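Please read the structure below before turning to the comments.
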Amino acid sequence: MVTKRNRPVYDIHAVKRMVQRRLPVDVIDQIAQVGVTVQENRHRVMKRGDLNGKPIHVVLAKPNTVITVYAADEWDSTITVCRKRMSAMNA
C-alpha cells in the first residue's frame, strides 16, 4: 500500500516569495515533503532541495505550513568589512 503524504499549506508570504522567485509549486511541495532537513526546532523546520542544480530552502511551521522559500545562494553578501588600525595614542 502506498502512503500518500499530506500536501503543505502555504502562508501568503510564501506564495509571494514563490511568485517573486518563479519557483514552481510542485517543486516546493516535494521539498516540503521529502527534502533534507537542514535545521529544526520545536516550531519550525528548514528543508533543502534543488531546482535545476540551484539550492532551494523551504521553511515550514510545524506540522506542514510553508512560511517562506528562498534560493540558498541569495544570501551571498557583497559587503566588505574594512578594519582600521588603532594608533598607539588611541590605545
Side-chain angles (χ1 to χ4, degrees):
M1 182 172 165
V2 176
T3 304
K4 186 174 180 179
R5 298 184 189 275
N6 291 332
R7 288 189 64 171
V9 176
Y10 289 86
D11 183 82
I12 189 68
H13 175 78
V15 173
K16 288 178 184 178
R17 294 299 173 248
M18 289 168 59
V19 170
Q20 179 185 42
R21 295 168 175 138
R22 296 181 176 96
L23 299 171
V25 175
D26 58 330
V27 171
I28 302 305
D29 275 354
Q30 184 177 7
I31 294 170
Q33 293 174 28
V34 297
V36 176
T37 299
V38 176
Q39 290 180 338
E40 185 172 10
N41 64 26
R42 287 186 1 202
H43 305 289
R44 294 186 178 171
V45 61
M46 178 190 294
K47 293 190 175 188
R48 183 180 186 276
D50 69 274
L51 173 63
N52 300 325
K54 184 177 185 180
I56 305 295
H57 285 176
V58 176
V59 180
L60 298 112
K62 291 183 179 179
N64 70 340
T65 301
V66 177
I67 56 176
T68 194
V69 298
Y70 61 92
D73 61 352
E74 288 179 12
W75 295 103
D76 287 347
S77 176
T78 59
I79 298 172
T80 57
V81 177
C82 295
R83 298 183 188 264
K84 294 183 179 180
R85 291 184 74 185
M86 292 181 63
S87 67
M89 293 176 64
N90 292 335

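Bear in mind the structure is a predicted one, so any value in this text is a computation, not a measurement. Reckoned from all heavy atoms, side chains included, excluding hydrogens, waters and symmetry mates.
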Original post:
Quick one: does Asn64's side chain have a donor or acceptor within less than 3.5 Å of a partner on Arg7's backbone?
Top reply: yes
Original post:
Could you state the interatomic distance from CZ (Arg17) to OG1 (Thr68), rounded to the nearest 0.5 Å?
Top reply: 6.0 Å
Original post:
Are Ile56 and Ile28 close enough, and set up right, to give a side-chain contact (heavy atoms from CB on, under 4.5 Å), and what steps lead you there?
Top reply: CA-CA 8 Å; Ile56 305 295; Ile28 302 305; 4.0 Å; yes
Original post:
For the atom pair OH (Tyr70) and CE (Met18), what is the distance rounded to the nearest 0.5 Å?
Top reply: 15.5 Å
Subject >> Over 12 foreign heavy atoms within 6.0 Å of NZ, Lys16 >> reply: no
Original post:
What is the distance from atom CE of Met46 to atom CD1 of Ile67, rounded to the nearest 0.5 Å?
Top reply: 9.0 Å
**OP:** Report yes if some heavy atom in the side chain of Tyr10 is under 4.5 Å from a heavy atom in the side chain of Val69; otherwise report no.
**Re:** no
Original post:
Between Ala32 and Leu60, what is the shortest heavy-atom contact and its length?
Top reply: CB-CD2, 3.9 Å
Original post:
Could you state the interatomic distance from NE2 (His57) to CD (Gln39), rounded to the nearest 0.5 Å?
Top reply: 8.5 Å
**OP:** May I ask you to decide if Val36's main-chain N or O and Lys47's side chain share a donor-acceptor pair within less than 3.5 Å?
**Re:** no
**OP:** Using a 4.5 Å cut-off on heavy atoms from C-beta on, say whether the side chain of Pro8 contacts that of Asp29.
**Re:** yes
Original post:
Hey, mind stepping through Lys62 and Glu40 against side-chain contact (heavy atoms from CB on, under 4.5 Å) and telling me if it holds?
Top reply: CA-CA 10 Å; Lys62 291 183 179 179; Glu40 185 172 10; 2.8 Å; yes
